[in-house]
Each structure stands twice: as C-alpha cells, then as structure tokens.
Participant: 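Below you'll find the structure I mean.
Here is the naming used below: chain letters follow the sequence lines, and residue numbers restart at 1 for every chain. Note that this is a predicted model, so its numbers are computed, not measured. Atom set for the values below is all heavy atoms of this structure, side chains included, hydrogens, waters and symmetry mates excluded.
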There are 2 protein chains.
Amino acid sequence: MAHSLDKIDTQILAILQKNSNRTTKSIAEELGMTTSPVFERIKKLEKEGYIKKYVAVLDNKKIGIKLTVFIGITLQGHTRSYLEKFVTEINNFPEIVECHRVSGNFDYLLKLIVEDIEAYETFIISKLTLLPYLGNVQSLITLSTGKETNEIDLSRI
Amino acid sequence: MAHSLDKIDTQILAILQKNSNRTTKSIAEELGMTTSPVFERIKKLEKEGYIKKYVAVLDNKKIGIKLTVFIGITLQGHTRSYLEKFVTEINNFPEIVECHRVSGNFDYLLKLIVEDIEAYETFIISKLTLLPYLGNVQSLITLSTGKETNEIDLSRI
DNA sequence: TGAAATAAAGAATAATATTCTTCATATATT
DNA sequence: AATATATGAAGAATATTATTCTTTATTTCA
C-alpha cells in the first residue's frame with residue numbers, strides 16, 4: 001500500500017516548497033539528521049509524485065509581463081464534448097496560466113498573464129472571442145497583488 | 001543603467017522556469033555554449049532579480065489539500081487604511097495563496113487552498129467573516145483544474 | 001586606431017549529490 | 001519469546017556538478 005507522510009517528510013516538503021536550492025546537508029542539519037536519509041526521502045518524495053517538479057519563479061513585472069487578469073466565463077453549450085474542446089483550446093494559449101472549471105456564477109475561471117492592456121485586448125479579440133459556444137465573459141483586471149505564492153500550509157498535516 | 005535581456009537570457013529563463021534542476025552543463029549544451037558563461041548569466045539573473053527564487057512544486061491533491069476556491073470580495077469602506085488592514089490580515093492566513101486587488105465587480109479576488117469543503121467552511125466562518133468592513137462575498141468552488149502553471153510566455157520578449 | 005569593457009572558453013578547484021556498506025531498531029512470524 | 005525480515009539512519013567513498021580563475025577573442029567607445 002501507499003505510505004503516508006510522516007513529520008520529517010512534511011518538514012522536508014515545507015522546506016523545499018520555500019526554497020528548492022537548499023542543500024541536503026543544510027536540510028539535514030536543520031532536521032538533526034545526516035544527509036543520506038534526507039537525500040533518500042527527497043528522492044522518494046519525487047518518485048512517488050509528492051514533488052511534481054522544481055521551477056524557477058520569475059519576476060514577471062521585471063521581465064515586462066505586467067498585467068494579470070482573471071476571466072470568468074460561461075458557455076452556451078454544456079455537453080461533454082463542448083467542455084473538452086474548450087479546455088483543450090484554452091490550454092494551448094500561452095497567455096493562460098490557469099484554467100479552472102468552477103461552480104457558482106461561471107463555468108470557468110481563467111487566469112491570464114500578458115504584457116499590458118493592449119496585449120490583453122489582442123488576446124480577447126483574436127483568441128478568446130473566436131472560441132465557439134462562448135457565453136458571458138467577465139474580466140477582473142488586477143490592479144495590485146498583495147500575495148501570490150504556491151506554498152501550501154503543511155503545518156497541520 | 002539596467003541591461004535588458006538578450007535572447008540567451010530569455011532562453012535560460014524559459015528553461016529554468018520549466019525545470020530548475022537542469023545542470024548548467026545540460027543548459028549550455030542545449031544553447032551551444034560552455035558552462036561558465038551560462039553559469040555567470042544565471043547568477044546575474046538571480047542577482048538582478050529576474051529570478052526570484054527556486055521552489056519545489058508539490059502535488060496538492062496527493063498531500064491531501066484537495067480544494068481550491070476563488071473568492072470575490074467587496075469591502076464596505078474604501079479608505080486607504082481599511083484596504084491596508086484588510087490586505088495585511090488576509091496575507092497572514094496560510095490558506096490564502098493569492099490576494100489581488102482588482103477592478104470590476106469586486107475589490108479583491110482571493111485564491112484559497114484547503115483540505116476539503118469542511119476546512120473551507122471553517123475558514124469562512126472563523127476567519128474571513130470576522131474581518132471588518134466586509135461587503136459582498138462570492139465564492140467559486142473549483143470542480144477541476146485543466147491548467148495551472150507559473151510559466152510565462154517568453155517567446156516574444 | 002587604440003584602450004577599455006564584455007563575453008566566452010577551458011582548466012582547476014571546491015562543494016554537493018549520490019552510492020554503498022554497515023548498523024541499529026522496529027515489525028512480523030512461528 | 002525467539003528468530004527472521006524489513007526499515008531507516010549513519011558514515012565513508014565516489015561521481016557529478018557548481019564555482020572560481022585565467023586567458024583569449026570580440027565588441028564598444030573615445
């Protein structure tokens with residue numbers, strides 16, 4: 001059967017989701033262990049899929065990608081094939097970084113990141129509105145972002 | 001003055017935001033260079049803040065954090081101190097992974113990640129609704145997620 | 001044209017990851 | 001209870017990789 005995570009595992013995950021450049025030695029010291037068991041645990045967490053990947057987090061604004069927009073969308077047709085087609089199309093747009101099917105006032109909530117308002121308008125006109133079965137579309141333009149992280153709270157697992 | 005990014009820099013960033021565990025050697029080979037200039041460029045990108053950090057991306061569901069909720073919020077008071085206080089409070093909740101001030105039908109859009117619906121209800125009752133000046137609150141419960149990434153499109157920079 | 005700065009290469013070194021063997025502890029089985 | 005089996009950690013040895021340093025070519029600018 002599958003093993004659940006023990007305290008040490010969640011501590012390692014908590015450390016690595018904050019900073020994956022930590023050496024096994026420094027993690028081991030923090031946990032009062034030697035490097036080999038820490039190393040083996042990390043490899044296990046990777047192999048079993050608890051850790052999906054390691055990535056560099058970029059400063060979007062500094063790079064010139066300054067605008068984040070959330071877009072709530074309803075579709076006119078709700079058959080399975082419509083939904084699948086829509087999701088497939090959406091996932092192919094590099095501007096879209098998130099696509100969630102939701103319950104509530106919309107069918108989908110998208111998160112989009114682009115250079116500026118012009119690029120956003122271009123996306124809407126030349127990509128989004130060309131999708132079939134599109135119903136209501138409501139945009140929330142981000143003015144400022146107070147918090148934006150991937151870190152999940154492992155303290156009570 | 002500040003340097004802008006050349007083609008090689010953006011290629012390096014594109015590689016590292018996909019997989020930050022790549023060795024400088026493998027990146028250098030892909031770009032047809034040797035390790036030292038690649039290494040120096042990476043250090044420069046880190047030092048100048050284009051790369052903010054390196055993190056492990058975890059599989060939330062596997063760890064037992066299965067529910068993502070987006071919450072649109074309006075506040076009753078719009079003075080500067082209200083907003084700042086609200087943002088500060090929100091940022092201290094570990095369940096909240098994103099907090100954006102937006103224009104449109106809401107003042108703020110929050111992204112929340114918790115174990116399950118019960119944990120969500122607990123959050124609403126014991127944390128969110130205790131905040132002062134809270135106006136309208138609308139939740140979008142995520143049913144499924146088609147795409148969820150941090151990768152920004154560097155192809156046309 | 002010449003001097004200074006920039007970027008790359010290649011070699012040398014230091015640090016770290018990774019593997020392997022051994023030991024201790026816990027768990028299960030009879 | 002006694003023995004076998006599995007699990008996890010330690011420590012040393014090795015392989016890889018990161019990092020530094022020196023040299024050279026190329027570009028930039030006065």
Participant: Are A:Ile63 and B:Ile15 in one and the same hydrophobic cluster, where Ile, Leu, Val, Met, Phe, Trp and Tyr link if side-chain heavy atoms are under 4.5 Å apart?
Facilitator: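 Linked within one cluster.
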Participant: Any side-chain heavy atom of B:Gln17 sitting closer than 4.5 Å to one from B:Asn150?
Facilitator: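 B:Gln17 vs B:Asn150: side chains apart.
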Participant: Are B:Tyr133 and B:Phe86 an aromatic pair by the rule of ring centers under 6.0 Å?
Facilitator: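 Ring centroids of B:Tyr133 and B:Phe86 are no less than 6.0 Å from each other.
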Participant: When you get a sec, tell me which of D:dT19, C:dC20, C:dG10 is the closest nucleotide to the side chain of A:Glu40?
Facilitator: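 Nearest to the side-chain atoms of A:Glu40, counting from C-beta on, is C:dC20.
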Participant: Provide, to the nearest angstrom, the distance between the CZ atom belonging to B:Arg22 and the P atom belonging to D:dA18.
Facilitator: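 In whole Å, D:dA18 P and B:Arg22 CZ are 11 Å from each other.
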Participant: To the nearest angstrom, how far is B:Arg41 atom CZ from C:dA9 atom P?
Facilitator: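 It is 10 Å, rounded to the nearest whole Å.
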Participant: Any side-chain N or O of B:Thr23 less than 4.0 Å from the OP1 or OP2 oxygen of D:dT17?
Facilitator: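 Result: no.
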Participant: Regarding B:Lys43 and B:Glu40, does a basic nitrogen lie under 4.0 Å from an acidic carboxylate oxygen?
Facilitator: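 Salt bridge between B:Lys43 and B:Glu40, a charged N being under 4.0 Å from a carboxylate O: no.
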Participant: Between atom NZ in A:Lys47 and atom C1' in C:dT18, what is the gap in whole Å?
Facilitator: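 Between C1' of C:dT18 and NZ of A:Lys47: 15 Å.
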Participant: Is the distance from OP1 or OP2 of D:dA9 to the nearest side-chain N or O of A:Ser36 less than 4.0 Å?
Facilitator: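 So the side chain of A:Ser36 is outside the cut-off, no N or O lying under 4.0 Å from OP1 or OP2 of D:dA9.
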Participant: What's the CZ-P distance between A:Phe39 and C:dA15, to the nearest Å?
Facilitator: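 Rounding to the nearest Å, CZ of A:Phe39 and P of C:dA15 are 20 Å apart.
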Participant: Closest to the B:Thr34 side chain: C:dA8, C:dA17, D:dA9?
Facilitator: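 Shortest atom-to-atom distance from the side chain points to C:dA8.
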Participant: Can you tell me how far P of C:dA17 sits from CD1 of A:Ile12, to the nearest Å?
Facilitator: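 So the CD1-P distance, A:Ile12 to C:dA17, works out to 13 Å.
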Participant: In whole angstroms, how far is the P atom of C:dA7 from the CE atom of B:Met33?
Facilitator: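 Rounded to the whole Å, the gap is 10 Å.
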Participant: Identify whether any heavy atom of B:Ile42 sits under 4.0 Å from a base atom; if not, whether one sits that close to sugar-phosphate; answer base, sugar-phosphate or nothing.
Facilitator: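 Nothing, no heavy atom under 4.0 Å.
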Participant: Rounding to an integer number of Å, can you tell me how far A:Lys25 NZ sits from D:dA18 C1'?
Facilitator: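 Rounded to the whole Å, the gap is 15 Å.
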Participant: A:Thr35 side chain to A:Lys25 main-chain N or O, any donor-acceptor pair under 3.5 Å?
Facilitator: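 Absent.
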Participant: Among C:dA9, D:dT19, D:dA10, find the nucleotide with the atom closest to the side chain of B:Thr35.
Facilitator: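 Nearest listed nucleotide: D:dT19.
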Participant: Could you check how far CG of B:Leu31 sits from P of C:dA8, rounded to whole Å?
Facilitator: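 Going from CG in B:Leu31 over to P in C:dA8 covers 10 Å.
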